[in-house]
Number of protein chains: 2
Amino acid sequence: MKIGEFSKKSGCSIQTIRYYEREGLLLNPNRSEGNFRLYDSKALKQLEFVKHCRSLDISLNDIKRLIELKNKPEESCSSVNALIDQQLALVNKRMKELRALKAELQQMASACGSNNTIEACGIIKSLDS
Amino acid sequence: MKIGEFSKKSGCSIQTIRYYEREGLLLNPNRSEGNFRLYDSKALKQLEFVKHCRSLDISLNDIKRLIELKNKPEESCSSVNALIDQQLALVNKRMKELRALKAELQQMASACGSNNTIEACGIIKSLDS
DNA sequence: CTTGACTCTATAGTTACTATAGGATTTATA
DNA sequence: TATAAATCCTATAGTAACTATAGAGTCAAG
């Protein structure tokens, strides 16, 4: 299939597919006579792997490492494990930050008093302190 | 004070300060004879306002809007309110995403089985599906 | 044989910074 | 006073993970 169909089947935009290829996340596909990219179901699986990783917020660089690891099936999976743990730590850190952030935003929202002038608005006051 | 001291007092890097100036988040400071930027305590307050907003993950564009609103003290603060609500919605959305993400990562981590080969690793398997 | 849909590469834009190069200026030391 | 070190200046490029555009080539249908 050509890139248009590949894009629809995978749910990735054409530009993103070409971008992933440039970044080495997808193998260079065969080309037609007219230099069009040609994909098969194996390529689709590759891309779906990448998409799944991205949906977990794993960076392109780490996905590249995972792909390399996948190609060494007999090695120990400890680095895979470490990568996931690290990703989990990142998520936990971000969640903690967001909780604090949410609390402050909520407090600000309630401090507004509503229907104030900007001068009297509790939000602006709290941002100014 | 010159930009070096201003940077230390505010906790913003020199480059970031110049960047904020270019983006219109800080007023253009007076200059010395030798063209060095000169700041006063008012400028410091401005920068602290920006920093506070940034710590709440408010975008530079929205901060610009807030600054404009601050300069119209007699207007209604409803847009300020809306902006904060919107920010809160963003945070909530992201938290929800992260919760789902965390759950999947945790499941993956436990699926590894540890000390496996990559071939047998539950993580890679789950990423492949 | 031409129109329209699709594809190609290369390049620039996005956000919020950070880092660098190559100068100019000021301050401290010899 | 000369010079070295510290600080400052502008302009430009790099970061992550895409998205968007320009300008050209390819292909199937009418």
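In what follows, every chain begins at residue 1, and chains take the letters A, B, ... in the order their sequences are listed. Bear in mind the structure is a predicted one, so any value in this text is a computation, not a measurement.
Residue B:Gln87 holds its CD atom at 9.0 Å from CE of A:Met108, rounded to the nearest 0.5 Å.
Axis angle, first five pairs versus last five pairs of the helix from C:dC1-D:dG30 to C:dA30-D:dT1: 30°, rounded to 10°.
For the pair A:Val50/A:Ile67, a side-chain contact is recorded, criterion being any heavy-atom separation below 4.5 Å from C-beta on.
Using a 4.0 Å cut-off on heavy atoms, the residues of residues 5-31 of chain A that approach DNA chain D are A:Ser13, A:Gln15, A:Thr16, A:Tyr19, A:Tyr20, listed by number. Listed by residue number, A:Arg54, A:Ser59, A:Leu60 are the residues of residues 47-60 of chain A with a heavy-atom contact under 4.0 Å to DNA chain D.
Note on residues 73-84 of chain A: pairs passing side-chain hydrogen bond (donor to acceptor under 3.5 Å, both in side chains), not counting sequence neighbours, are A:Ser76-A:Ser78. Sorted by first and then second residue, the salt bridge (charged side-chain N to carboxylate O under 4.0 Å, His left out) pairs involving residues 79-93 of chain B (not counting sequence neighbours) are B:Lys93-B:Glu97.
With sequence neighbours left out, A:Lys2 forms a salt bridge (Lys or Arg N to Asp or Glu O under 4.0 Å) with no residue at all. Annotation: salt bridge (Lys or Arg N to Asp or Glu O under 4.0 Å) contacts of A:Arg54 (sequence neighbours excluded): none. Considering only residues two or more places apart in sequence or on other chains, B:Lys70 meets the salt bridge (Lys or Arg N to Asp or Glu O under 4.0 Å) condition with A:Asp128. With sequence neighbours excluded, the residues satisfying ring pair (Phe, Tyr, Trp, His ring centres under 6.0 Å) with B:Tyr39 are B:Phe6.
You can see that DNA chain D meets the heavy atoms of chain B within a 4.0 Å-exclusive cut from D:dC8 to D:dT10, reading 5' to 3'.
A straight line from CG of B:Asn61 to P of C:dC17 spans 13 Å, rounded to a whole angstrom.
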Any N/O pairs under 3.5 Å between the protein and nucleotides 22-27 of chain C? List them or say none.
from   : atom 1 : to      : atom 2 : distance (Å)
C:dT26 : OP1    : B:Gly34 : N      : 3.2

Side-chain polar contacts of residues 40-48 of chain B - donor-acceptor pairs under 3.5 angstrom, sequence neighbours left out - could you list them?
from    : atom 1 : to      : atom 2 : distance (Å)
B:Asp40 : OD1    : B:Lys42 : N      : 3.3
B:Asp40 : OD1    : B:Ala43 : N      : 3.0

